[in-house]
2 protein chains.
Amino acid sequence: MLEEREITIYDIAKYLNISAATVSRGLKNNPMISKATRKKIMDAAQVLGYQSNAFASNLRSRQTHTLGVIVPRLNSYFMSSALAGMENAANRYGYNLIIAQSLEDAEKEKRNAATMFNKRVDGLLISLSSNTQNINHLEPFFKRKIPVIFFDRVYPHNESTSVGINNFEAAYQVTKHLIDQGCKRILHLGGNVLRNVYQERLNGYRKALQDHHLSFSDKLHLTGPLSEQAGTDAARHILELAPNKRPDAVFSANDTAAVYCMLALQAAGLRIPEDIAFAGFNNDPISKVIAPNLTTVEYHGDSIGHTAATYLINHLKGISDLYATNAITLRADLVIRASSLKNKNPE
Amino acid sequence: MLEEREITIYDIAKYLNISAATVSRGLKNNPMISKATRKKIMDAAQVLGYQSNAFASNLRSRQTHTLGVIVPRLNSYFMSSALAGMENAANRYGYNLIIAQSLEDAEKEKRNAATMFNKRVDGLLISLSSNTQNINHLEPFFKRKIPVIFFDRVYPHNESTSVGINNFEAAYQVTKHLIDQGCKRILHLGGNVLRNVYQERLNGYRKALQDHHLSFSDKLHLTGPLSEQAGTDAARHILELAPNKRPDAVFSANDTAAVYCMLALQAAGLRIPEDIAFAGFNNDPISKVIAPNLTTVEYHGDSIGHTAATYLINHLKGISDLYATNAITLRADLVIRASSLKNKNPE
DNA sequence: ATTATTTTCGCAATCGGTTGCGTGTAATAA
DNA sequence: TTATTACACGCAACCGATTGCGAAAATAAT
């Protein structure tokens, strides 16, 4: 079988007896080239089966049309939705995504960032790993003015934009809802407060307690990875408390932990929401499957991803100025379901 | 603020009074260069803050160290797990992933493939969209000997390898299990048979029926997108049947449809598994949350992704020969849970 | 017909590593 | 000491597209 050689603009040039420069311009519909030759070039490219070489192009033009994306993990509902949203936006504008996961490890996140930088991504979209302490590893991007957008798990930085929701407000609403349902001892199952999303949810929870004259107690605040195991562990913790010390509600910072906590408590004979009400965060598919359905915060991963990517691309195209915008906040709505409805008639 | 210029190997060369060629080799730990100079080069690179330019490198070496991945959609549990597995493998060997989704649209899949080709990915990992009829759009890859690996939704092709599970066998086991539980009218909720996974699951189901002297009926075979809605629709269909015509079991080709079918039937008062047993496919997180827990087939997305990517990379490195291997089949195990247990003591 | 203007296109340098081949030097053998 | 060999490194072409600048061709103006 014949080893096929790469077709280049030089082949087209030779084929048409014109220069490569003209071909290059013609291929990009540069008006400097007459319509007639442009058409000839296009046709010849078609005939010869020309495929542009992105490297040569990138090397010279210094644009990759590629966006880097770093996420804590790929296989969570929220993240994969965010990626789907980004991919959609990127695809629409002719951009590609290089995706890497940090697996919640700051070191891996650093390495990922370095690789992205070397691959000369035009911009970076990042959601921080749970134990990332600072963003020194993003300095190369800032120095070279490569735009960085944080999404979901953001970091305050005045040369980049953040896209997310108002976690404080959402958590406040969740907690207020539980209080309105008559709950007085609300346990909060939170994540690592190094990440804004968990810190802000905790703050919203505390503020709601305070505004309703309920005291905050360390005993009612558990912190962990919000995994299935963490949910189960939280249930064990609750069951070990003296019945009169038990919380009458749980507000978990994600649905996974909430659901596994519910399952374990139900297995131990507790009734939800009668004995203990529940609320989660994320509106993960499992929240609609668990019985009773879980009250949660609707949190559109795809919107966040789509918005973040679109914004980044607009900036790259000079349509909008990234540095003028510090943060973009998307809607997040409380979704009330049976797991928290103690009153027959909701407020 | 000073506009920083790019540091190149020429800068390092000048800095050390050696040639760029030596720097290039030294940076890659080429043994042709003495250890001493290699160290000097490394140190200088560090001091000057050198970052390699992947384009220039790729352009010349004709290797991108990038793998293309095309999936039907990013935000499904199985796919995001597969991607996570691939990312892991790729990262380990210094490869990156460019990911695109076809959204179950053959046209978008074509465009994705063309982009990947232009970006000169070293290899392609693809899971076909549900309505892809042929793989003509992959011809450019075959022609240029760029390795292609199909995973999960594969396509017979003798110059590329497939990675997946034995869907026929798994479906056979599921069906047999339901029969062993005493079910006689088993409805199959399937996907588009254009895709091997759904065709094979259907075949396994039919073979099991046949082997156990149960007849196959078109009325007990529904085909659809296996979405939440499809599950709900299937339930409506079942409820509209005369009670004596109703199936006593449902085998769904994925968990999502199974779960939403279950929920709708339960809402209508049917008991599971007493009135109707259920089995799904995928071992999606929701299968462990639904009550009763759903019997399903464990289907390791991450293993499939990891295996496919590792295999591809090994081929690129010349360690293994892709063309010698036609298919790699991974384990898939029946996970029996309460949704199908009609006998107290399982077989 | 001649000059001015606009349009269309080509020349050649450039982006930043990579690599085949050749050469000078030092180490080793004769 | 001289011849041989291995080692370490440099030269320069190359990958393929992009682009500033200048020239030629086509068109308009005088």
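Chain letters run A, B, ... following the sequence lines, proteins first, then strands; residues in each count from 1.
Contact between the side-chain N/O atoms of A:K28 and the OP1/OP2 oxygens of D:dT19 is found at a separation under 4.0 Å. Taking only side-chain nitrogens and oxygens, A:S34 never comes nearer than 4.0 Å to OP1 or OP2 of C:dT8. OP1 or OP2 of D:dG10 lies within a sub-4.0 Å distance of a side-chain N or O belonging to B:S19.
The side chain of A:T37 approaches C:dC9 more closely than any other nucleotide in the set C:dC9, C:dG17, D:dT18. Considering only the side chain of A:S24, D:dA17 comes nearest among D:dA17, D:dC9, C:dG17.
Annotation: of the two residues near DNA chain D, B:Y10 and B:K35, the 5′-most nearest-nucleotide partner is B:K35.
One interatomic measurement links the two molecules: OH of B:Y50 to P of C:dG16, which rounds to 10 Å at whole-angstrom precision. Rounded to a whole Å, the CD atom of A:Q63 is 14 Å from the C1' atom of C:dC15. The NE2 atom of B:H65 sits 13 Å away from the C1' atom of C:dT18 (whole-angstrom rounding). Here the C1' atom of nucleotide D:dA17 and the CG atom of A:N30 are 14 Å apart, to the nearest Å. Rounded to an integer number of Å, the gap from NZ of B:K14 to P of D:dG10 is 15 Å. When the P atom of C:dG16 is taken as reference, atom CG of A:N118 falls 14 Å away, rounded to whole Å. The separation between B:I18 atom CD1 and D:dC11 atom C1' is 14 Å, rounded to whole Å. Distance CD1 (B:I41) to P (C:dG17): 13 Å, rounded to an integer number of Å.
Using a cut-off of 4.0 Å between Lys/Arg side-chain N and Asp/Glu carboxylate O, A:E139 and A:K110 are scored as not salt-bridged. Contact check on B:E104 versus B:R195 returns no salt bridge, with no Lys/Arg side-chain nitrogen under 4.0 Å from an Asp/Glu carboxylate oxygen. B:R153 has no carboxylate O lying under 4.0 Å from a charged side-chain N of B:E109, or vice versa, which leaves the two without a salt bridge.
The aromatic rings of A:F117 and A:F141 stand perpendicular to each other, their planes meeting at an angle above 60°, with 30° marking the opposite boundary.
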Might you list the N or O atoms of the protein lying below 3.5 Å from N or O atoms in nucleotides 20-25 of chain D, with each pair's distance?
| unit_1 | atom_1 | unit_2 | atom_2 | d |
| --- | --- | --- | --- | --- |
| D:dG20 | N7 | A:R25 | NH2 | 3.4 |
| D:dG20 | O6 | A:R25 | NH2 | 2.6 |

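Annotation: side chain to side chain donor-acceptor pair (under 3.5 Å) contacts of A:T329 (sequence neighbours excluded): none.
Contacts between residues 51-61 of chain A and DNA chain C, defined by a heavy-atom separation under 4.0 Å, are made by A:L59, A:R60.
More than 12 heavy atoms of other residues, nucleotides or ligands lie within 6.0 Å of CZ in A:F78, so this atom counts as buried by the packing criterion.
Under the 3.5 Å distance criterion, with hydrogens and angles disregarded, no donor-acceptor pair is assigned to the side chains of B:H306 and B:S303. A donor-acceptor pair shorter than 3.5 Å cannot be found between the side chains of B:S81 and B:D302.
Rounding to the nearest 0.5 Å gives a distance of 11.5 Å between CD1 of A:I126 and OG of A:S162.
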